[in-house]
Amino acid sequence: MSKFNLDVVRNIGIAAHIDAGKTTLTERILFYTGANHRIGEVHDGSAHMDWQPEEQEHGITITTAVTRCPWRDHLIQVVDTPGHVDFTIEVERAMRVLDGAVIVMDGVRGVEPQTETVWRQANKFDIPRLIFINKMDRPGASLERCMDSLSRKLKGNPIPVCVPVADGNVVLDLINEKLIRFSGDNGEVVSVEEIPASHMDEFTTYRETMLLAAAEANPDLEDAVMEEEHIAPDALWAALKKATLEGNINPVFGGSALRNWGVQPLLDGVLKLLPAPLERPATIATDLNGEETFVEMEKDEPLVALAFKVQMFDGRRHVFVRVYRGTLKPSMKVSLAGKDKEERVARVFDINSSSKKRIDAAVAGQIVVLAGLRHATTGDTLCAVGEELFLESIDAREPVLGLAIEPESSRDEAKMLEALRKVCEEDPTLRFEEDPETGQRILSGMGELHLQIIFERLVRENNLKLRAGKPRVVSRETIAGDGRGEVRLDRLLKLGEKEVTLKARAVVTASPLPRDTGITFTADPVILPEGVSVNDAQREAMRLGVSDSLVGGPSEGAPLQDVEVHLTEVEIFEDASSPQALRIAVSQAVHRALVDAGGRMLRPLMRVEVVVPDESMGSVLGDLQSRGASITGQESEMEVSTIHAECPLNELLGYTTKLRSMTRGRGQFTMEFARFDIA
């Protein structure tokens, strides 16, 4: 890519709810741009972007795949992201490094739960986005209804640009005032025609909406729009691009990727409306002193790049990075900001799904893959040695479901542990730990499908024979009310022939906090008797004493959250109140305060959306309520009902099978972690 001018580069992501057609759309993009010479299909396991065996077997995208394709003298780097909520970290880290996005919507379903998730992720990083309303060939598909749901549910501003016509493989080009027809075996023949009278009313209505949006973005066009004068297409594109980059509008294209209809105009829209790397705002970084600085995309300045994904190719560790400044070359030394580590880049690759191609250098604006980095992980900033800066990192969600894993043969123990270490490096939402009570090794993830896929990969990629237990829901603890703990430590320790007295008194109070607040504590107590001072070592011991007892809750020792602790008073007894004595006294006082407050177990609560035929609505609703679900809303449209609810995760294990049974296979179910709460 280094031979290309950044002005003709587009780094875009394709994101959507599961089964909206992201990968199908990406396959058409690769075919029409000439990057691939055949169209791969998700349903027969031949999709170019779904290269992992688990993706081909399950028919879904599991991991973010990166590819590149030419279009009209431009280079489009495409990132195809998963749609299932269990793999939302893949979307999060892709959005962190993209310049623009195409949000795919189902023409029948409109905005779905994961559409809302990817929309929030795009908002978080201020990503300009286009909308492709897919599956417009299906009965019940409605562009108008999809745009309305986008406005209502996502607070977006959809503006039509290419409107699909329901009775054929054509779209109305609102900017060039033409009808575009797609024909040939794979929709590769594109012909431009005049708009027939039968579609003129529809065209006029949508074009008026588009013109008003353009005039609002560029006041110089207002008079021409009001007087219904002809406006040059370039002027309309420029106005719409300005509004898109400012986040004021979301241009809408429509068609059917599976039926090879409407994809080429979308590609034109990517070039015309989404930004080149240099059109994005400068990236903000912080230096070692915490001062903010702007990182401009200059290839001749010191290197700044973000590692956003770790992946094993052929058993070897590779790191995906986005270069924000400077030039990255093989054999170059890089520094990992804040880690006091330096590494040498062995190879730099362009990436095309599962295949790599060595390149001599990567410049600012590129997304590439590096080999040879042993320590860099997701969210790390790679810098020129001696020029450390910190880019905004990538947040990983906490896992909510655990799975006990063990090898069938003890000979495979070490091999299993190494394999688990690697998959946890790849996926920051995975955790692996040993249960101190049972000795079981627990792999925790985001849901049943997430853990199933990881288990299958462990077996296939490492030739292991493993056993898995039943999924176990992860828990947290908080406290029920206010508590107070007072401890007077008076202990005699014998160290060899020497006796040491440990003496101290500590008073601690504990109070519950609102959900998802975390843990706060203060360790700046009143020191008694008056006039006595404590040194730095004693103060640090008191702080450590507080944190020691905040690891687990008072009921079952589960991780503690939403608690506020104050060390209010400490009494010093001359030399007997050593740092060790203070740490023990404070730790015991915190524990007593938590016990006095009373422990409350918190379980994962999930946001649930269930879509069922109207005839099954009653039985499904009753079943959800029997599982402790709180119904937050319901709606019905075209003989299909949608139920919104919050439900404890432990009640939803295996729910898909039950739902299919109640709805004769027609029900759909999605869930997303909401919070840990009392359930």
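The basis for the numbers below is simple: all heavy atoms, side chains too, and nothing from hydrogens, waters or symmetry mates. As the structure is a prediction and not an experimental result, all values here were calculated from the model.
- Counting all heavy atoms, side chain and backbone alike, Val473 lies closest to Pro604 at CG1-CD, 3.2 Å.
- Listed for the Glu456 side chain is no donor-acceptor partner under 3.5 Å among the backbone atoms of Ile453.
- At distances below 3.5 Å, not a single donor-acceptor pair connects side-chain atoms of Glu413 with backbone N or O atoms of Ser410.
- Around CZ of Arg120, the count of heavy atoms belonging to other residues, nucleotides or ligands within 6.0 Å exceeds 12.
- In summary, the side chains of Gln114 and Thr670 do not present any donor paired with an acceptor at a separation below 3.5 Å, with no hydrogens or angles considered.
- Put simply, the side chain of Phe390 reaches to within 4.5 Å of the side chain of Leu288, judged on heavy atoms.
- The line from OG1 of Thr381 to CG of Leu391 is 4.0 Å long, rounded to the nearest 0.5 Å.
- Within the model, atoms CG of Leu303 and CD of Glu387 stand 10.5 Å from one another, a figure rounded to the nearest 0.5 Å.
- A 4.5 Å side-chain heavy-atom check between Phe253 and Asp268 finds every atom pair outside the cut-off.
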Point to revise | Derivation and outcome, salt bridge (Lys or Arg N to Asp or Glu O under 4.0 Å), residues Arg441 and Glu433 | key: CA-CA 6 Å; Arg441 292 187 169 90; Glu433 59 191 1; over 6 Å; no

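- Using a 4.0 Å cut-off between a side-chain N of Lys or Arg and a carboxylate O of Asp or Glu, Glu425 and Arg317 qualify as a salt bridge.
- Among all heavy-atom pairs drawn from Leu130 and Val270, the shortest one is CD1-N, 3.8 Å.
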Practice item. Output, in order, the C-alpha distance, side-chain angles, deciding distance and verdict of side-chain contact (heavy atoms from CB on, under 4.5 Å) for Leu75 and Val8. Key: CA-CA 6 Å; Leu75 184 72; Val8 296; 5.8 Å; no

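- The shortest distance between side-chain heavy atoms of Arg10 and His74 falls below 4.5 Å.
- Here the closest non-hydrogen pair linking Asn11 and Pro277 is ND2-CG, 3.9 Å.
- Distance CD1/Ile12 to CD1/Ile127: 12.0 Å, rounded to 0.5 Å.
- Closest approach of Ala20 to Met105, counting heavy atoms only: CB-C, 4.5 Å.
- Between atom OG1 of residue Thr67 and atom CD1 of residue Ile351 there is a gap of 8.5 Å, rounded to the nearest 0.5 Å.
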Point to revise | CA sep, side-chain torsions, deciding dist, call: Leu389, Thr286, side-chain contact (heavy atoms from CB on, under 4.5 Å) | key: CA-CA 6 Å; Leu389 289 175; Thr286 54; over 6 Å; no

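- Atom CG in Asp548 sits 9.5 Å away from atom CZ in Arg543 (nearest 0.5 Å).
- Sequence neighbours left out, the pairs with a member in residues 87-100 that pass salt bridge (charged side-chain N to carboxylate O under 4.0 Å, His left out) are Glu90-Arg93, Glu90-Lys309, Glu92-Lys124, Asp99-Arg322.
- Residues His318 and Leu370 have side chains not in contact (no heavy-atom distance under 4.5 Å, counting atoms from C-beta outward).
- A salt bridge does not link Lys22 with Asp80: none of the charged nitrogens is closer than 4.0 Å to a carboxylate oxygen.
- Under the rule for a side chain to side chain donor-acceptor pair (under 3.5 Å), Asp516 has no partner lying at least two apart in sequence or in another chain.
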Exercise for review: Output, in order, the C-alpha distance, side-chain angles, deciding distance and verdict of salt bridge (Lys or Arg N to Asp or Glu O under 4.0 Å) for Glu246 and Lys242.
Suggested key: CA-CA 6 Å; Glu246 291 172 351; Lys242 178 177 181 291; 3.0 Å; yes

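- Salt bridge annotation for Glu418-Arg421: present, with a cationic side-chain nitrogen under 4.0 angstrom from a carboxylate oxygen.
- Using a distance-only test at 3.5 Å, with no hydrogens or angles considered, no donor-acceptor pair links the side chain of Arg129 to the main chain of Asp126.
- For the pair Gln264 and Trp71, the minimum side-chain heavy-atom distance is below 4.5 Å.
- The closest side-chain heavy-atom distance from Asp350 to Lys356 is not below 4.5 Å.
- The closest side-chain heavy-atom distance from Leu403 to Ile442 is not below 4.5 Å.
- Between the side chain of Gln561 and the backbone N or O of Arg476 there is no donor-acceptor pair closer than 3.5 Å.
- Considering all non-hydrogen atoms of both residues, Leu544 and Ser547 come closest at O-OG, 3.0 Å.
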Side-chain donor/acceptor pairs under 3.5 Å, residues 327-340, sequence neighbours excluded:
residue: Thr327; atom: OG1; partner: Lys299; partner atom: O; Å: 2.8
residue: Ser335; atom: OG; partner: Glu388; partner atom: OE2; Å: 3.3
residue: Lys339; atom: NZ; partner: Asp380; partner atom: OD1; Å: 3.2
residue: Lys339; atom: NZ; partner: Asp380; partner atom: OD2; Å: 2.8

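- Here the side chain of Asp427 pairs a donor or acceptor atom with the backbone of Thr429 at under 3.5 angstrom.
- A donor-acceptor distance shorter than 3.5 angstrom exists from the side chain of Asp287 to the backbone of Gly290, with no hydrogens or angles considered.
- Of the N and O atoms on the side chains of Glu448 and Gln452, not one donor lies less than 3.5 Å from an acceptor on the other residue.
- Leu458 is listed as a side-chain neighbour of Leu466, based on a closest heavy-atom distance under 4.5 Å.
- Salt-bridge annotation for Arg467 and Glu406: present, with a side-chain N of the basic residue lying under 4.0 Å from a carboxylate O of the acidic one.
- Around atom CG of Asp536, no more than 12 heavy atoms belonging to other residues, nucleotides or ligands sit under 6.0 Å away.
- The two residues Ile29 and Cys69 make their nearest non-hydrogen contact at CG2-SG, 3.9 Å.
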Check your understanding: Between Leu98 and Phe308, does a side-chain contact (heavy atoms from CB on, under 4.5 Å) hold up when you go through it step by step?
Key -> CA-CA 11 Å; Leu98 292 173; Phe308 68 93; over 6 Å; no

Practice item. Give the intermediate values and the outcome of side-chain contact (heavy atoms from CB on, under 4.5 Å) for residues Met671 and Arg607. Key: CA-CA 5 Å; Met671 65 178 177; Arg607 277 188 293 270; over 6 Å; no

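- Here Met95 contributes atom CE and Ile394 contributes atom CD1; the two are 12.5 Å apart, rounded to the nearest 0.5 Å.
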